[in-house]
Novice: 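If you scroll down you'll find the structure; I have some questions about it.
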Amino acid sequence: MSKAVIKDGRYTIEPLYQWDLNQVLQIYGLSFSRVPEVHFSSVALESALVRQCTMDSNGVLTVEIPNSLLQRPYPIKAHVCIYEGKTFETLYTIDIPIK
């Protein structure tokens, strides 16, 4: 599991290891009126892989990281996104280092 703790517009994150499959990303410190989705990307992809988050009663977001991204040694970008009507907006981007 990798935890991203966001405070004052900055974040800390725990790195993941290549081939450490079936990992989740937990995001602390953001508040949403409804549950966002996360678009995962890396230099190895042409388009993002979209995953729906869950949000607990404390506002902690949890999302599964696609295993295909953990099979490569490249950093992963997690774009926290939400749809507002017909408008799509990226609200926050987190870089996850891969060792």
Side-chain angles (χ1 to χ4, degrees):
M1 173 177 17
S2 186
K3 287 184 188 178
V5 179
I6 300 166
K7 185 176 179 181
D8 300 326
R10 295 179 177 223
Y11 65 90
T12 57
I13 186 139
E14 299 165 359
L16 293 172
Y17 291 87
Q18 184 181 3
W19 293 105
D20 194 9
L21 304 178
N22 302 316
Q23 296 298 307
V24 297
L25 171 63
Q26 287 189 324
I27 304 169
Y28 297 79
L30 296 177
S31 65
F32 297 101
S33 58
R34 54 179 212 248
V35 182
E37 59 188 26
V38 175
H39 292 225
F40 289 97
S41 66
S42 81
V43 296
L45 293 178
E46 291 183 19
S47 60
L49 301 173
V50 180
R51 299 293 184 266
Q52 184 64 47
C53 291
T54 59
M55 185 168 54
D56 70 13
S57 60
N58 295 317
V60 176
L61 300 173
T62 303
V63 63
E64 293 179 10
I65 300 170
N67 281 334
S68 61
L69 293 175
L70 293 165
Q71 294 174 12
R72 299 181 180 254
Y74 309 117
I76 299 170
K77 288 194 178 287
H79 307 277
V80 180
C81 307
I82 201 158
Y83 285 96
E84 293 290 340
K86 294 184 179 183
T87 304
F88 178 78
E89 185 177 0
T90 299
L91 303 172
Y92 206 85
T93 299
I94 299 166
D95 292 312
I96 305 169
I98 303 296
K99 291 187 173 190

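The shown structure was predicted, so the numbers you read here are calculated from the model rather than taken from an experiment. Position 1 is the first residue of the sequence; numbering continues from there.
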Novice: ring-ring contact (aromatic ring centres under 6.0 Å, His included) with His79: which residues, sequence neighbours excluded?
Specialist: none

Novice: Flag the pair Leu70 / Ile76 as yes when at least one side-chain heavy-atom distance between them is below 4.5 Å, and no otherwise.
Specialist: yes

Novice: Got a sec, which pairs hit side-chain hydrogen bond (donor to acceptor under 3.5 Å, both in side chains) with one end in residues 44-61, sequence neighbours left out?
Specialist: none

Novice: How far does CE of Met55 sit from OG of Ser33, to the nearest 0.5 angstrom?
Specialist: 7.5 Å

Novice: Taking C-beta and beyond as the side chain, do Leu49 and Ser68 meet within less than 4.5 Å on heavy atoms?
Specialist: yes

Novice: Suppose the criterion is ring pair (Phe, Tyr, Trp, His ring centres under 6.0 Å): which pairs have a residue in residues 51-70, not counting sequence neighbours?
Specialist: none

Novice: Report, one line per pair, each donor and acceptor closer than 3.5 Å where one atom sits in a side chain of residues 11-22; sequence neighbours left out.
Specialist:
| unit_1 | atom_1 | unit_2 | atom_2 | d |
| --- | --- | --- | --- | --- |
| Tyr11 | OH | Asp95 | N | 2.9 |
| Gln18 | NE2 | Gln71 | O | 3.0 |
| Asp20 | OD1 | Gln23 | NE2 | 3.2 |
| Asn22 | OD1 | Asn67 | ND2 | 3.0 |

Novice: Do Phe32 and Val38 sit in the same hydrophobic cluster, where Ile, Leu, Val, Met, Phe, Trp and Tyr count as joined when their side-chain heavy atoms come under 4.5 Å apart?
Specialist: yes

Novice: Is there a side-chain contact between Leu91 and Leu30 in this structure, where contact means two heavy atoms from C-beta onward sitting under 4.5 Å apart?
Specialist: no

Novice: For atom OH of Tyr74, decide whether the heavy atoms of other residues, nucleotides or ligands shown that lie under 6.0 angstrom number more than 12.
Specialist: no

Novice: As an exercise, state the distance from CD of Gln26 to CE of Met1, rounded to the nearest 0.5 Å.
Specialist: 4.5 Å

Novice: Consider only side-chain heavy atoms of I, L, V, M, F, W and Y, link residues closer than 4.5 Å, and tell whether Val50 and Val35 are in one cluster.
Specialist: no

Novice: With a 4.5 Å cut-off on side-chain heavy-atom distances among I, L, V, M, F, W and Y, is there a chain of contacts connecting Val24 to Phe40?
Specialist: no

Novice: So, do Val63 and Val80 sit near enough that their side-chain heavy atoms are less than 4.5 Å apart?
Specialist: no

Novice: Drop me the distance from Ser2's OG to Ile96's CD1, to the nearest 0.5 angstrom.
Specialist: 5.5 Å

Novice: Can you name the closest pair of heavy atoms from Ser42 and Pro75 and give their distance?
Specialist: CB-O, 3.4 Å

Novice: Which heavy-atom pair separates Cys81 from Pro36 by the least distance, and what is that distance?
Specialist: O-CB, 3.1 Å

Novice: Let me see the working for Leu69 and Ile98 under side chain to side chain contact (heavy atoms under 4.5 Å, CB included), right down to the final yes or no.
Specialist: CA-CA 10 Å; Leu69 293 175; Ile98 303 296; over 6 Å; no

Novice: Test question: given the 4.5 Å side-chain rule for I, L, V, M, F, W and Y, name all other residues clustered with Tyr28, or answer none.
Specialist: Val5, Val60

Novice: Under the ring-ring contact (aromatic ring centres under 6.0 Å, His included) test, which residues partner Phe88, sequence neighbours left out?
Specialist: His39, Tyr83

